[in-house]
Amino acid sequence: MSDNKKIVTRIAPSPTGDPHVGTVYVGLFNYALAKQNGGTFILRVEDTDRERFNETSEGRILDMMDWLGLNPDESPAAGGANPPYRQSERLDVYTEYAAKLFETGHLYASFMTDEELDALRTEQRQRKAPFLGYDGRERDIPLEEAKARIAAGEPHVLRLRTPEDGETTFRDELRGDVTIANSETRDGVMIKKDGYPTYHFANVVDDHLMGVTHVMRAEEWVTSTPIHVILYNAFGWEIPKFIHLPLLRNPDSNKSKISKRKVDTSVENYRKMGILPEALLNYLGTMGWSMPTGEEFFNLEEMIEAFDYSRISLGGPVFDMKKLRHFNATYMREKLDLETLADRAAPFLIEAGLSWDDEDYYLDVIEVMTERVETLQDFPDKAAYFFTDEFEYEEQALKKIKGGQKYLQDLEREFAQLDSFDYDTVNDMVRGYIQNQSVKMGEVMQPLRAAVTGTGATPDLIDVVSLLDRDRVVSRIGRALTMMTEALPDDNPELHAKAEKEAKEKAEKERLAQEEAKKEAGRKAAEQRAKEKGDNGEDK
RNA sequence: GGCCCGUUCGACUAGCGGUUAGGUCUCCACUCUUUCACAGUGGCAACACGAGUUCGAAUCUCGUACGGGUCACCA
């Protein structure tokens, strides 16, 4: 970072499945590093594995980046100075560069079949060889002979000739010098039998051609970095800076690399559950990195401004859904203004089949719900009663309604007579009524809440009632009341079960009371006896 | 198993030779209160272990333990 050269970073996702949260993580850091210095951020699609290739994946990855606001300067969609950005379209490039190294002997042809390779492995296993795998036995086939066999159409791969002894050292900007014995890096395949390059080869060629200055990628690549270094040297190219990011971890006991089985790794799923892109980005930004100020909440711009990869910590951070939700809730409550939040929430409500006519009403609902939601999906989940009469009554709510029928009857009448239904009017009426009845607030409020919303968890009830407006409130109270009188236990299984439970509880209570009475009687008897005893002498 | 990397509260982290080891999430308690929340206050809770260097070590060195990664014609 100290040199003045323009920084170029990249992410290189493989289009093999659902857009992965790990891609966003690495993407975010690469984006921040590039953007800080007016550099270039590239998205290159590494689709060299035709087995795992997934047709929809690339588009979805691009959508994800767009949703997050992590827009690449160069990509298959955006184009750029060094196209194409899809490796499957760069085969001629790899072929050309592979040919160069083939000529110089850095690459050599290997003609062994899969079966032969398997046989080799089995044989090594039996003999308890120090390592399993290709042993470089075709290194010394003369170049001309190899060419002839290739020309004859013999299937082959191109392998990298790695030094037999010595070691390769590279500098990781976070870890310092990392040295790995060359005996550890085998003669890996660079060009596959199908003519496609492997990751290592395509990656090095593309990074060089695209001018990548900082290779910031996941830690899992550390041990194969010597291969890349050997390649850069073989080409005589400048070696970029390597920055290996810690791996996101599962929240299990041993903290293995983040995986689909243990946590949701699909960014699309986070989007679906109503996580805001800002919150996801911010949360990911705190994984392994921190603001110098210690501030936990920061937006993309602020992260770019303050980003410094030397502040990255190396312990693998556990992906904690609870904390993500906390970030999300904070963003909904404090970072987004009401209109923006309302816009974001709307699709979730509509998706749930809910609708509204009055935009002011809608904004009021969102406002009043804001401090009790964590995700956008919480709006339809927790506030449906604002948009439809077709909501479920929770069992607890039914109980409350039953217990408060008298009050509900009164309130139904009182509400119906109200001319104005604004907050103060409703508030005055309800409070006045409660005072008249000389009961605790909850005695009246809870049945009312239950009747009007079907649930025990809502915003301030007066807010809810006045927002819902008179007709809806009155009719909902009426409906709740009717439900109580009409739904006899026999034709309502839920109520029936409830009635049974209540009967049991009542019986139990009675039993306890009886027991208590017995005890009491016993105590009294004992007291009496003691008294008598006292009377009979001792006392005096 | 070989090699590579890592290790501060349950989780995310601050710390970069001298701190009562700080903050955030979670959890608990209290306050507020018509429910649920929000908010506020308080609390539980950590330097993996052992040597060494040093007047002094969470910070430096070595070893051990533990964890992760990697050993493919996948990336």
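All chains are named by letter (A, B, ...) in the order of the sequence lines, taking the proteins before the strands, and each is independently numbered beginning at 1.
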In Watson-Crick or G-U wobble terms, with both distances under 3.5 Å, the base opposite B:C3 is B:G69
By the 4.0 Å heavy-atom rule, please label [X] as base, sugar-phosphate, or nothing.
X      : value
A:L314 : sugar-phosphate
A:R121 : sugar-phosphate
A:V178 : sugar-phosphate
A:G294 : nothing
A:T48  : sugar-phosphate

If I pick the [atom1] atom on [M] and the same atom on [N], what distance separates them, to the nearest angstrom?
N     : M     : atom1 : result
B:A46 : B:G23 : C1'   : 14 Å
B:G22 : B:C44 : P     : 11 Å
B:C4  : B:C60 : C1'   : 22 Å
B:C36 : B:A65 : C1'   : 48 Å
B:C16 : B:U20 : P     : 14 Å
B:G2  : B:A58 : P     : 32 Å
B:C66 : B:C28 : C1'   : 31 Å

Phosphate oxygens OP1/OP2 of [N]: is one of them under 4.0 Å from a side-chain N or O of [X]?
X      : N     : answer
A:R50  : B:C73 : no
A:K257 : B:G67 : no
A:N254 : B:C66 : no
A:K192 : B:C74 : yes
A:K128 : B:G2  : no
A:R311 : B:G15 : yes

Does either side chain, that of [X] or that of [Y], offer a donor lying less than 3.5 Å from an acceptor on the other one?
X      : Y      : value
A:T340 : A:D337 : yes
A:N299 : A:E278 : no
A:D49  : A:Y196 : no

side-chain hydrogen bond (donor to acceptor under 3.5 Å, both in side chains) with A:S110: which of A:K193, A:E138, A:H156?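 Passing option: A:E138.
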Quick one: which of [options] gets closest to the side chain of [X]?
X      : options             : result
A:E184 : B:C25, B:C5, B:C3   : B:C3
A:E296 : B:G23, B:C38, B:C3  : B:G23
A:K322 : B:C4, B:C25, B:C71  : B:C25
A:P317 : B:U13, B:A39, B:G67 : B:U13
A:K193 : B:A39, B:U35, B:C73 : B:C73
A:H326 : B:C36, B:U24, B:C12 : B:U24
A:T223 : B:C5, B:U70, B:C73  : B:U70

Where each residue is assigned the nucleotide of RNA chain B containing its nearest heavy atom, which of A:P246 and A:I462 is assigned the position nearer the 5′ end?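 Residue closer to the 5' terminus by nearest nucleotide: A:P246.
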On RNA chain B, check which nucleotide each of A:L117 and A:S290 is closest to and give me the residue with the more 5' one.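 Per heavy-atom nearest nucleotide, the more 5' residue is A:S290.
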Without decimals, in angstroms, what is the distance between [X] [atom1] and [N] [atom2]?
X      : N     : atom1 : atom2 : answer
A:N250 : B:A11 : CG    : C1'   : 14 Å
A:I243 : B:C5  : CD1   : C1'   : 16 Å
A:H200 : B:C74 : NE2   : P     : 11 Å
A:F242 : B:G69 : CZ    : C1'   : 17 Å

Taking N and O atoms by type only, does the side chain of A:R372 place a donor or acceptor under 3.5 Å from a partner on the base of B:C36? yes
Can you find a donor-acceptor N/O pair under 3.5 angstrom joining the side chain of A:K323 to the base of B:U24? yes
With respect to A:R249, which candidate in A:N254, A:V318, A:V263 satisfies the side-chain contact (heavy atoms from CB on, under 4.5 Å) definition? A:V318
Partner of A:F298 by ring-ring contact (aromatic ring centres under 6.0 Å, His included), out of A:W289, A:Y283, A:F327: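 Answer after filtering A:W289, A:Y283, A:F327: A:W289.
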Verify the ring-centre separation between A:Y97 and A:F201: is it less than 6.0 angstrom? no
